[in-house]
There are 2 protein chains.
Amino acid sequence: MNSAIRALIIRLETIGEVTEIDKVALAALPVQERFYTRGSEIIPDGEISTSCCLILEGYAYRSKTLPDGNRQIFSLHTSGDIPDLHSLYLPKMDHTLGAISDCIVARIPHDAVKDALMRAPSLIGLLWRDTLIDAAAFRAWMLMLGQADAASRMAHLFCELYIRQSMAGLADGNSFALPLTQTDLSDILGTSVVHTNRTLQDLRRRGLLDFDQQVVTILAWEELRALAQFDPSYLHYLDRRVGRVDPAKL
Amino acid sequence: MNSAIRALIIRLETIGEVTEIDKVALAALPVQERFYTRGSEIIPDGEISTSCCLILEGYAYRSKTLPDGNRQIFSLHTSGDIPDLHSLYLPKMDHTLGAISDCIVARIPHDAVKDALMRAPSLIGLLWRDTLIDAAAFRAWMLMLGQADAASRMAHLFCELYIRQSMAGLADGNSFALPLTQTDLSDILGTSVVHTNRTLQDLRRRGLLDFDQQVVTILAWEELRALAQFDPSYLHYLDRRVGRVDPAKL
DNA sequence: CGTTCAATTGACTATCGTCAACTGGCGTGG
DNA sequence: CCACGCCAGTTGACGATAGTCAATTGAACG
C-alpha cells in the first residue's frame, strides 16, 4: 500500500472505525506524489480545486491574507492530514494551502475520492467527520483568539500540536519538530513578531517549554495546560488516553 | 409542507442545487417544533446529541466558555439554518447551542436525517457542503479576530449579517432585525462591553450604520465594506448577485 | 416607586503594536 | 579565505488599542 494512504488510514483510525471495505477503497485511490518547497503555495486562494492534498511529509498550513496585507494562519497539518478535504464539496478555495516546510503531498483527484465514497459508503461518515473536526479546531482557536491573551494562546497552540503529533506518532518523548519561524508563529497567534518573541521568552523563563532549532520541548505539561486552559476534547479522538494522562507518557 | 422544512429548502437553494428527490426526502422528515426562551440553552456543551436543530424563528447562537469564564460566540443563526448539523457525525457537542432571542426550533432525529441521505444521496453533498460553509465562516471570523481591530471586526460582522439576512429574505431594505445586547456583541467581537460600546458609537458617528432598538440600518455600504475589508465569497452562495452590487438593491 | 438590566461615560491601567537598531548564523561570490 | 548580504531572533523606547473599575442614565416592568 502507498505510504501516504497508510498515513491517512492511521489518522482516520484515531477518529473513527475504518472497516476493511474502507481500507480497500482507500488503498485503490490513485495518488500522485508531488514535492513542494518551503514557502510555496500548494493551492492558492481563489482556485477551483479538482483534487485533494494528502500530506505525506513536512508541515503544511492554511491561511488567508487581508487586502491590507495582514495574514492569519488557520491551521497546521502533518502526515496523514488532508487539509483541503473540504474542496471535495466546496471546490472554490477561500484561502491558501501552502508549505511551511518542504513537503511531499499526495494529490488525489476528487472524482477518485467520490468513487471511493460510492464503493465504501461508510467512508462518507468518516471523511465528513474529519472535516467536522477541522471546523471544531477552528472554533477552539477562535475562542483563544477572541478571549485569551498572547501567553495563553501560545500555550494552547503548543498543547494542541503536542497532542496531535503524539497521536500521529510524530512526537519523540516530550519533544516534537515544528519548522516554524517566529514570524509564522505570530501569524498563527495574531500578535506582532516582537510580542511573539517576548511571549515565547516568557514561557521559556517560566520553565513551561522550550522552542529552539525547530524543536518544541514540553517541560511542564500540567502548568502549560493550565495556562492554556487546554481541553483536548475538541480534537474528537476516539482514544480514551487523550487528556486523561500526561501525554509525555502516551 | 412544514414551514421549517420550507425555510431549509430556501437556504439550501442558495448554496446548491436541490432536486425534486431531495425535496421529497426533506419534506418527509419528522420535525418536532419546540420553543426556547431568550437566553436558554438548546443543546449544552458536552451533550451527546441525537437530533439536529432547524431554526424556524428567532436568533440562535453557538458559543463556548473558557474555565476562567470568558465566552466567545462563534456564530449566529436564523430561519433555515441547522447550526448543529455537525452533530450528525460528531454527536458529542464541543460547544453550546443557545437561543439569543425567543426561538422556535424544529428538531429532527439524526436517524431520520440519515434515512433521508440514503433515499436522496444527492443530499449528502448538499448538507456536507453546508457544514463546510459553516467552517468557512469560522475561518473568515478567525481572520478578523486575529488581524483586524475592533472597528473593522464590528463592520465585518454587520456586513456578513446583512448579506445573510438579505439572502434569506429577512432584510427590509437596508435594515434587519438583530436582537443582540452590546454584551452579546462583545462576546462575538472579542472585546470588552465598554470598548464595544465606544466602537459602535464610532461607527455611528462616522455615518456607516446605526444599531438601535434591535435593528441594524446600513447607512454607507461601500464605506462599511471597505472598513471591514469584507469579501462575501467565503459564504459560498451560488447566486451571482452577491458581492457584485450594493446589497441594498438586491 | 423601587428594581433590574442595557447603555453610556470618565479615569486609569495593561496589553500589545510600531519603529528602529543590533546580533549572530549561514551561504554566496569575489 | 573573507566580505557581504540576508534572515531569524532579539532588544529598547514609545505610542496605540483595548481592558478594568466605578458611577450614572434611562427605559421597562411589576
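The sequence lines fix the lettering, A, B, ..., with proteins before strands; numbering per chain opens at 1.
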Notebook entry, point to check: Do the charged groups of B/D134 and B/R62 touch, with an N to O distance under 4.0 Å?
Noted result: yes
Item checked: For atom NE2 of A/H195 and atom P of D/dA18, their distance in whole Å -> 14 Å
Checklist line | Interatomic distance where CD belongs to A/Q147 and P belongs to D/dT20 [whole Å] | finding: 10 Å
[X] and [Y]: side-chain donor and acceptor closer than 3.5 Å?
| X | Y | result |
| --- | --- | --- |
| B/T96 | B/S63 | no |
| B/D187 | B/Q72 | no |
| A/Y234 | A/E160 | yes |
| B/D184 | B/T181 | yes |

Next item on the list: Look at the side chain of A/D84 and the backbone N and O of A/C52, then say whether any donor-acceptor pair between them is shorter than 3.5 Å.
Entry: no
Next item on the list: Taking heavy atoms of chain B and a 4.0 Å limit, find me the 5'-most and 3'-most nucleotide of DNA chain C within that range.
Entry: C/dA6 to C/dA11
Next item on the list: With side-chain hydrogen bond (donor to acceptor under 3.5 Å, both in side chains) as the test, would you mind laying out the steps for B/Q165 and B/T78 before giving the verdict?
Entry: CA-CA 8 Å; B/Q165 294 298 86; B/T78 49; 3.1 Å; yes
Just jot down the ring-ring contact (aromatic ring centres under 6.0 Å, His included) partners of [X], sequence neighbours excluded, or say none.
| X | answer |
| --- | --- |
| A/F211 | A/F158 |
| A/H86 | A/H95 |
| B/F138 | none |

Checklist line | Protein proximity profile, nucleotides 25-30 of chain D - base contact B, sugar-phosphate-only contact S, no contact -, cut-off 4.0 Å on heavy atoms | finding: ------
Notebook entry, point to check: Base, backbone or nothing for each nucleotide of nucleotides 5-13 of chain D, written B, S, -, heavy atoms under 4.0 angstrom, 5' to 3'?
Noted result: ---SSSBBB
Check: How is A/T191 classified with respect to the nucleic acid when contacts are heavy atoms under 4.0 Å: base, sugar-phosphate, or nothing?
Finding: sugar-phosphate
